[in-house]
> 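Can you keep this structure in mind? I'll have questions shortly.
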Amino acid sequence: MRKGHVYVAGAGIIGLAVAANLVQRGFEVTVLDREGPAAGTSQGNAGAIAWTDVAPLASPGLWKQALKWFADPLGPLTVRPAYALKILPWMIRFLVASNPKRVESSTKALADLNGAALPAWERLWRASGTHNQVRRDGCLEIFDAEASLKSAREGWDEQREFGISIEELDAGAIRDLEPDLSARVVGGALVPGWMQVDDPKILCLSIADWLKGQGVEFAVGDIAGLAPQDAGCGILLKDGRKIDAQHLVIACGAWSKTLAAQLGDAIPLDTERGYNITVSEPGVRVRRMIMLPGHGFVISPLSTGLRVGGAVEFGGLHLPPNWKRVDAMVAKARLFYPDLQTEGGERWMGYRPSIPDSLPVISPASRHGRVFYAFGHAHHGLTESAVTGELIADMIEKKPSAIDVSPFAADRF
């Protein structure tokens with residue numbers, strides 16, 4: 001006998017991971033999405049399981065770098081002029097979250113969450129039969145400026161304090177690992193524990209297929225409104241249909257803010273728009289993920305091609321893409337891979353759901369015990385999805401969790 005029926009709003013990787021954990025614990029699950037599995041941001045990320053990250057984006061040192069980046073409209077971090085006033089309240093909260101004491105607590109929370117991320121993924125990969133879609137080649141962080149390399153060492157030391165292996169390498173050792181790199185590289189580090197999936201969209205679709213085999217229903221519908229009830233939550237769809245959900249999990253990524261607001265939770269969620277291009281025949285060989293922290297983008301070898309992407313653009317959900325940002329990333333990538341070919345590449349833009357303190361919301365709604373939130377993971381949505389699914393399942397079952405979940409509460413703002 002099933003324990004109960006849970007509707008999961010959102011068929012991205014977070015929603016799929018929530019559904020996976022719930023169905024394994026004996027719940028009947030329906031995944032509701034306006035399009036279907038992996039139709040949004042989850043299909044276009046770099047494919048990283050970046051469990052080794054412990055530092056929140058909100059940090060005192062970032063502002064110095066950010067001010068330099070803001071001067072370049074095509075640089076790693078920019079604000080679209082038409083969105084500047086709308087993002088201002090978020091930026092103020094981000095500045096407050098950069099206070100050293102806040103950074104210390106956020107780092108602890110992020111380290112706990114990401115520390116539990118890989119074991120959770122190992123369980124989900126095995127259960128869903130997708131363990132063969134994972135690569136364990138590590139990640140290279142590379143630099144073309146001695147000053148940037150020197151600054152990175154502080155972050156590496158912090159990671160080592162959490163038991164994460166970081167192997168600093170000189171330029172020669174890096175080119176031994178990646179022979180197609182140019183002589184521009186001055187040094188960097190290998191993060192051997194970092195993992196990557198073959199392709200994030202393929203992984204999502206594979207998990208969705210497995211879920212269907214477990215009896216999970218996938219429904220298409222665009223949510224217009226929510227009506228909390230004593231015995232659950234009413235869901236009103238834009239086509240006029242009504243659904244009575246015994247439990248509801250909101251995992252709609254960047255579109256979660258308005259739904260939470262209907263439940264009385266004012267979550268300071270905004271979007272970091274990211275761009276990329278994926279090339280099936282790039283003309284160069286990249287053996288593992290390459291991060292370029294000084295330039296704000298990554299070069300990621302996927303089974304479907306080489307993906308060059310990243311950067312942050314604050315522009316909300318409605319402004320049109322600025323494809324010149326892709327051109328700028330490609331030009332920088334060619335400084336490191338001069339023979340890189342991008343003809344015929346597929347360009348893409350997605351919306352990372354981001355919260356100023358760099359921590360997601362993984363929590364019951366503050367006023368409604370049968371509604372739960374799983375959103376705001378920013379750059380770590382793929383990384384933190386499996387553990388988020390486990391934590392949400394714990395909350396619905398009213399079981400203690402393996403980590404302290406209070407830093408991710410909806411009422412912390």
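No experiment lies behind these values; they were computed from the predicted model shown.
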> Run through Ile223, Val8, Leu226 and flag the one making a side-chain contact (heavy atoms from CB on, under 4.5 Å) with Leu248.
Leu226
> For the side chain of Glu104 and the backbone of Pro100, is there at least one donor-acceptor N/O pair under 3.5 Å apart?
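Looks like no, no N/O pair under 3.5 Å.
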> Looking at residues at least two apart in the chain, or sitting in another chain, which of them share a salt bridge (charged side-chain N to carboxylate O under 4.0 Å, His left out) with Asp199?
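Result, salt bridge (charged side-chain N to carboxylate O under 4.0 Å, His left out) vs Asp199: none returned.
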> Taking Arg153 first and then Glu141, would you say they form a salt bridge - that is, a charged N and a carboxylate O separated by under 4.0 Å?
no
> Identify, with sequence neighbours excluded, every residue that meets salt bridge (charged side-chain N to carboxylate O under 4.0 Å, His left out) alongside Asp411.
none
> What residue pairs, at least two apart or across chains, pass side-chain hydrogen bond (donor to acceptor under 3.5 Å, both in side chains) with a residue in residues 281-293?
Glu178-Arg288
> Determine, for Asp357 against Arg93, whether the closest basic-nitrogen to carboxylate-oxygen distance falls under 4.0 angstrom.
no
> Any salt bridge (Lys or Arg N to Asp or Glu O under 4.0 Å) pairs touching residues 158-167, not counting sequence neighbours?
Asp157-Arg160
> Would Asp394 and Arg25 pass as an ion pair if we require N to O under 4.0 Å?
yes
> Among all residues two or more places apart in sequence or in another chain, which pass the ring-ring contact (aromatic ring centres under 6.0 Å, His included) test with Trp348?
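With neighbours one apart ignored, the set is empty.
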> Go through the structure and list residues passing salt bridge (charged side-chain N to carboxylate O under 4.0 Å, His left out) with Arg102, not counting sequence neighbours.
none
> Look at Arg241 together with Asp239 and state whether they make a salt bridge at an N to O cut-off of under 4.0 Å.
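Looking at Arg241 and Asp239, the cut-off is met.
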> Which pairs count as side-chain hydrogen bond (donor to acceptor under 3.5 Å, both in side chains) when at least one residue sits in residues 261-277, sequence neighbours excluded?
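Applying side-chain hydrogen bond (donor to acceptor under 3.5 Å, both in side chains) to every pair that reaches into residues 261-277, excluding sequence neighbours, yields Tyr83-Asp270, Asp265-Ser366, Asp265-Tyr373, Glu272-Ser354, Glu272-His379, Arg273-Glu313, Tyr275-Glu313.
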> Could you list the residues that satisfy salt bridge (charged side-chain N to carboxylate O under 4.0 Å, His left out) with Lys212, not counting sequence neighbours?
none
> Work out which heavy atom in Thr107 is nearest to a heavy atom in Val54; give both atom names and the distance.
CG2-O, 3.4 Å
> Who are the ring-ring contact (aromatic ring centres under 6.0 Å, His included) partners of Tyr337, not counting sequence neighbours?
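So Tyr337 forms no ring-ring contact (aromatic ring centres under 6.0 Å, His included) with any residue.
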> For Arg184, is there an ion pair with Asp144 - N to carboxylate O distance below 4.0 angstrom?
yes
> Quick one: side-chain hydrogen bond (donor to acceptor under 3.5 Å, both in side chains) pairs with a partner in residues 319-333, sequence neighbours left out?
Asp327-Arg347
> If we ignore hydrogens and angles and just use 3.5 Å, is the side chain of Ser385 paired with the main-chain N or O of Ile14 as donor and acceptor?
no
> For residues 98-125, which residue pairs pass the ring-ring contact (aromatic ring centres under 6.0 Å, His included) check, not counting sequence neighbours?
Trp121-Trp125
> Counting the benzene-type ring for Trp, do Trp90 and Phe314 have ring centres under 6.0 Å apart?
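Ring-ring flag for Trp90/Phe314: true, centres closer than 6.0 Å.
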> Which residues satisfy the side-chain hydrogen bond (donor to acceptor under 3.5 Å, both in side chains) test with Arg123, sequence neighbours excluded?
Glu390
